[in-house]
*Asks:* 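Please read through the structure below; I'll follow up with questions.
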Amino acid sequence: MKLIPALLPSLIEAIADIIEKNSEEVTALDQAIGDGDHVINLQRGIHALMAQREDLSQLDWVSVFQKIGMTLMSTVGGASGSLYGTLFITLSKAAREQTLNLQGFADIFTKGVAAVKHRGKADAGEKTLLDVLIPVADYLRTAAADSVALPEVLDNIAQVAQTGMESTRDMMATKGRASFLQERTLGHIDAGAKTSQLMICAIVGVLSEQLGTITK
Ligand code: ADP
Ligand code: MG
């Protein structure tokens with residue numbers, strides 16, 4: 001399957017839909033150990049991307065990632081706005097030197113996640129969205145090295161993201177607002193990890209469906 005920008009409207013719609021459907025649950029998670037605004041922050045960015053989705057589908061990947069990054073940076077706000085903005089702007093820079101096959105995507109995604117780590121001064125195990133993004137990047141590199149077939153890669157990404165999200169429940173937050181609550185964060189899933197997992201799940205769903213259509 002070729003990753004084509006023509007899929008962007010479906011991808012953005014699927015993300016908007018999954019965040020809307022889970023908005024109450026995520027807000028409750030962010031209220032428990034944050035300030036409760038995470039879904040509203042994200043939805044500002046998603047609404048802006050919904051308005052741009054047809055225009056985005058006409059661009060090449062370098063421009064797509066750049067435009068998404070700038071939009072998220074200027075609309076989302078909160079910690080997650082600058083982190084997702086950084087992710088996409090780095091994807092754009094890295095995509096200049098890459099063909100977007102599995103290996104290429106694994107490489108650029110790894111660079112994007114490294115930039116998020118740097119921006120948030122955070123790493124795995126600190127109860128953030130990085131506890132989803134880091135294992136997904138690690139898995140993508142392994143899958144590319146082992147030439148795993150795409151349908152299997154997609155299923156496994158969804159599983160890795162789910163496991164990463166759930167792993168935040170037993171972590172103590174050491175970054176972001178939640179870190180002020182220290183051990184009181186134990187037992188709660190991180191809201192940012194949850195929305196990362198949901199968005200990855202939505203992307204995997206669209207790509208799996210597309211793959212099914214092509215191979216039928
Ligand atoms: P804010 O915390 O500023 O209100 P949001 O509510 O939009 O912003 O986003 C909160 C999420 O951002 C957290 O659940 C966590 O996943 C993520 N986050 C916060 N700080 C960091 C950081 N330093 N590094 C990585 N992720 C972070
Ligand atoms: Mg918040």
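As the structure lists them, so they are numbered: ligands from 1, and atoms in each ligand from 1.
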*Asks:* What part of Val76 sits under 4.0 Å from ligand 1 if we count only heavy atoms: the side chain, the backbone, both or neither?
*Replies:* neither
*Asks:* Considering only heavy atoms of Ala122, which atoms of ligand 1 have at least one such atom less than 4.0 Å away?
*Replies:*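 Taking each heavy atom of Ala122 in turn, ligand 1 has 24 (N) under 4.0 Å.
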*Asks:* What do you reckon, does Gly77 have a nitrogen or oxygen under 3.5 Å from a nitrogen or oxygen of ligand 1?
*Replies:* no
*Asks:* Can you tell whether the side chains of Asp17 and Lys21 come within less than 4.0 Å, N to carboxylate O?
*Replies:*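 A salt bridge links Asp17 with Lys21.
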*Asks:* Please report whether ligand 1 has a polar contact with Asn41, defined as an N or O pair separated by less than 3.5 Å (distance criterion only).
*Replies:*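 Yes, there is a polar N/O contact under 3.5 Å.
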*Asks:* Mark up the atoms of ligand 1 that fall under 4.0 Å of a heavy atom belonging to Gly192, in ascending order.
*Replies:*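 Result: 14 (O), 16 (O).
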*Asks:* Within a 6.0 Å radius of atom NZ on Lys93, are there more than 12 heavy atoms belonging to other residues, nucleotides or ligands?
*Replies:* no
*Asks:* Which bit of Ala79 gets closer than 4.0 Å to ligand 1, counting heavy atoms only: side chain, backbone, both or neither?
*Replies:* both
*Asks:* Determine, considering heavy atoms only, which of Val26, Ile189, Asp37 sits nearest to atom 6 (O) of ligand 1.
*Replies:* Asp37
*Asks:* Minimum heavy-atom separation for Thr110 to Arg141, with atom names?
*Replies:* OG1-NH1, 2.9 Å
*Asks:* Report the part of Arg177 in contact with ligand 1, treating N, CA, C, O as backbone and CB onward as side chain, heavy atoms under 4.0 Å; options are side chain, backbone, both, neither.
*Replies:* side chain
*Asks:* Quick one: look at Leu42 and ligand 1, take heavy-atom pairs under 4.0 Å, and tell me if it's side chain, backbone, both or neither.
*Replies:* neither
*Asks:* Can you tell me which N/O/S atom of Asp35 has the shortest distance to the Mg ion (ligand 2)?
*Replies:*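 So the atom name we want here is OD1.
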*Asks:* Check step by step if side chain to side chain donor-acceptor pair (under 3.5 Å) holds for Gln162 and Glu166.
*Replies:* CA-CA 6 Å; Gln162 173 88 20; Glu166 278 166 4; 2.7 Å; yes
*Asks:* Flag Gly120 as yes when one of its N or O atoms lies below 3.5 Å from any N or O atom of ligand 1, and as no otherwise.
*Replies:* yes
*Asks:* Nearest protein heavy atom to atom 10 (C) of ligand 1, by residue and atom, and its distance?
*Replies:*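 Here the nearest protein heavy atom works out to His38 ND1, 4.0 Å.
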*Asks:* Can you tell me which N/O/S atom of Asp37 has the shortest distance to the Mg ion (ligand 2)?
*Replies:* OD1
*Asks:* Against heavy atoms of Ser80, which atoms of ligand 1 measure under 4.0 Å?
*Replies:*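 Reading through ligand 1 atom by atom, the close ones are 5 (P), 7 (O), 8 (O), 9 (O).
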*Asks:* Within the 3.5 Å criterion, strictly below it, is a donor on Gln43 or Glu20 matched to an acceptor on the partner's side chain?
*Replies:* yes
*Asks:* As a quick check of understanding, evaluate side chain to side chain donor-acceptor pair (under 3.5 Å) for Asp30 and Thr27, giving each step before the final call.
*Replies:* CA-CA 5 Å; Asp30 196 33; Thr27 297; over 6 Å; no
*Asks:* Looking only at protein heavy atoms, identify the closest one to atom 16 (O) of ligand 1 and say how far it is in Å.
*Replies:* Asp190 OD2, 2.6 Å
*Asks:* Tell me the closest heavy-atom pair linking Leu83 and Arg119, and the distance in Å.
*Replies:* CD2-CG, 3.8 Å
*Asks:* N/O to N/O below 3.5 Å, does that happen between Lys121 and ligand 1?
*Replies:* no
*Asks:* I need the single residue from Val116, Asn41, Leu129 that forms a side chain to side chain contact (heavy atoms under 4.5 Å, CB included) with Tyr84. Which is it?
*Replies:* Leu129
*Asks:* Residue-level breakdown please: for Asp35 versus ligand 1, do any non-hydrogen atoms fall below 4.0 Å on the side chain, on the backbone, on both, or on neither?
*Replies:* side chain
*Asks:* Testing Leu186, Asp190, Ile189 for side chain to side chain contact (heavy atoms under 4.5 Å, CB included) with Arg169, which one passes?
*Replies:*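 Among Leu186, Asp190, Ile189, the one that satisfies the side chain to side chain contact (heavy atoms under 4.5 Å, CB included) with Arg169 is Ile189.
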*Asks:* Roughly how far, to the nearest 0.5 Å, is the OG1 atom of Thr174 from the NZ atom of Lys127?
*Replies:*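 Nearest 0.5 Å value for the NZ-OG1 distance: 10.0 Å.
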*Asks:* Please step through side-chain contact (heavy atoms from CB on, under 4.5 Å) for the pair Leu72 and Leu49, ending with a clear verdict.
*Replies:* CA-CA 8 Å; Leu72 296 181; Leu49 293 180; 3.9 Å; yes
*Asks:* Considering distance alone, does some N or O of Lys127 sit under 3.5 Å from an N or O of ligand 1?
*Replies:*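 No - when backbone and side-chain N and O of Lys127 are compared with those of ligand 1, no distance drops under 3.5 Å.
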